[in-house]
Amino acid sequence: MARARKRLAGAAGPDKKGPEGKRTKTKNECEASAKVENSGLQETSEASEDCGKNLNRYWLMKSEPESRLEKGVDVKFSIEDLKAQPKQTTCWDGVRNYQARNFLRAMKLEEDAFFYHSNCRKPGIAGLMKIVKEAYPDHTQFEKNSPHYDPSSKEDNPKWSMVDVQFVRMMKRFIPLAELKTHHQAHRATGGPLKNMVLFTRQRLSVQPLTREEFDFILSLEEKEPS
DNA sequence: GCCAACGTTGGC
DNA sequence: GCCAACGTTGGC
């Protein structure tokens with residue numbers, strides 16, 4: 001059950017109603033399957049380009065590898081902590097942002113996700129994990145002692161979700177945020193694969209999608225010398 | 001520790 | 001429904 005507390009996502013705090021509702025965007029042509037009902041994030045491509053087989057999506061999930069107390073509870077959870085879990089699996093609890101939650105709900109079994117270290121001395125991508133259980137209610141929203149307790153959420157209509165993730169491997173080398181940013185900035189000029197990477201276009205979003213091109217490009221960086 | 005970015009709250 | 005105040009995220 002992992003005591004682990006992942007980083008909550010985005011602004012926090014209890015809420016009332018949430019910017020839900022007007023989630024309409026959808027890519028209709030692909031129908032039912034992979035629709036991420038969230039704002040106008042990944043505007044173009046992605047979801048729509050592969051109605052055929054790869055409805056697969058790729059993800060980046062942030063967690064804090066260094067100790068920090070939140071309501072008296074240490075929220076530290078690094079990739080080493082994930083490796084140390086039974087079956088190297090944990091539930092990704094504590095996400096309290098609607099956009100991030102909607103991405104959690106869009107995740108499918110076996111999809112890949114980068115494990116990102118945030119709010120630390122060396123921010124960046126540390127490793128790879130995969131989704132091993134699709135979205136279900138985050139129990140910590142009902143736990144009064146949890147830093148992520150949400151008194152406005154009711155058991156018969158849970159507001160927040162989580163998925164289970166399993167460690168896959170470490171990156172062959174750690175990919176620092178600064179390096180990703182350098183590529184992002186270059187790609188904005190050249191039209192390269194990281195030009196729209198959500199890590200830079202939507203700050204503070206702790207669960208985010210990547211395109212296949214972004215995912216593959218980042219994997220290719222493993223083979224290169226640090227820039 | 002600073003502070004920019006940005007989501008949320010609540011008065012009006 | 002606008003928008004200023006406020007709180008959080010997270011790099012530096």
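So you know, we letter chains A, B, ... as the sequences are listed, proteins then strands, and number each from 1. Atom set for the values below is all heavy atoms of this structure, side chains included, hydrogens, waters and symmetry mates excluded.
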Taken to the nearest whole Å, CZ/A:Arg121 to P/C:dG10 is 18 Å
Sequence neighbours excluded and cut-off under 3.5 Å, please list the side-chain donor-acceptor pairs for residues 175-183 of chain A, or say none.
| unit_1 | atom_1 | unit_2 | atom_2 | d |
| --- | --- | --- | --- | --- |
| A:Glu179 | OE1 | A:Arg173 | NH1 | 3.1 |
| A:Glu179 | OE2 | A:Arg173 | NH2 | 2.7 |
| A:Thr182 | OG1 | A:Ala178 | O | 3.0 |

Run the side-chain hydrogen bond (donor to acceptor under 3.5 Å, both in side chains) test against A:Ser67 and tell me which residues pass, sequence neighbours left out. A:Asp74
Between B:dC2 atom P and A:Asn119 atom CG, what is the distance in whole Å? 16 Å
Atom pair distance, as rounded to whole Å: CD in A:Glu66 and P in C:dG10: 14 Å
Using a cutoff of under 3.5 Å, can you pull out all pairs of nitrogen or oxygen atoms linking the protein to nucleotides 3-5 of chain B, with atom names and distances?
| unit_1 | atom_1 | unit_2 | atom_2 | d |
| --- | --- | --- | --- | --- |
| B:dA5 | N3 | A:Arg204 | NH1 | 2.9 |

Quick one: do the A:Tyr58 and A:Asp216 side chains pair a donor with an acceptor below 3.5 Å? no
Would you indicate, yes or no, if C:dG11 has its OP1 or OP2 atom less than 4.0 angstrom from a side-chain nitrogen or oxygen of A:Tyr116? yes
The side-chain hydrogen bond (donor to acceptor under 3.5 Å, both in side chains) partners of A:Asp81 (sequence neighbours excluded) come to A:Lys76, A:Ser78
Atom NZ of A:Lys62 and atom C1' of C:dT8: how far apart are they, to the nearest Å? 12 Å
For atom NE2 of A:His184 and atom C1' of C:dG11, their distance in whole Å: 14 Å
Would you kindly give the CG-to-P distance between A:Leu199 and B:dC6, to the nearest whole Å? 13 Å
Which whole-number value in Å describes the distance from A:Glu179 CD to C:dG11 P? 15 Å
Run the side-chain hydrogen bond (donor to acceptor under 3.5 Å, both in side chains) test against A:Glu155 and tell me which residues pass, sequence neighbours left out. none
Figure out the CZ/P separation between A:Phe200 and C:dG11, and round it to whole Å. 10 Å
Does a side-chain N or O from A:Lys181 land closer than 4.0 Å to OP1 or OP2 of C:dC12, or not? yes
Residue list, side-chain hydrogen bond (donor to acceptor under 3.5 Å, both in side chains) with A:Glu134, at least two apart or on another chain: none
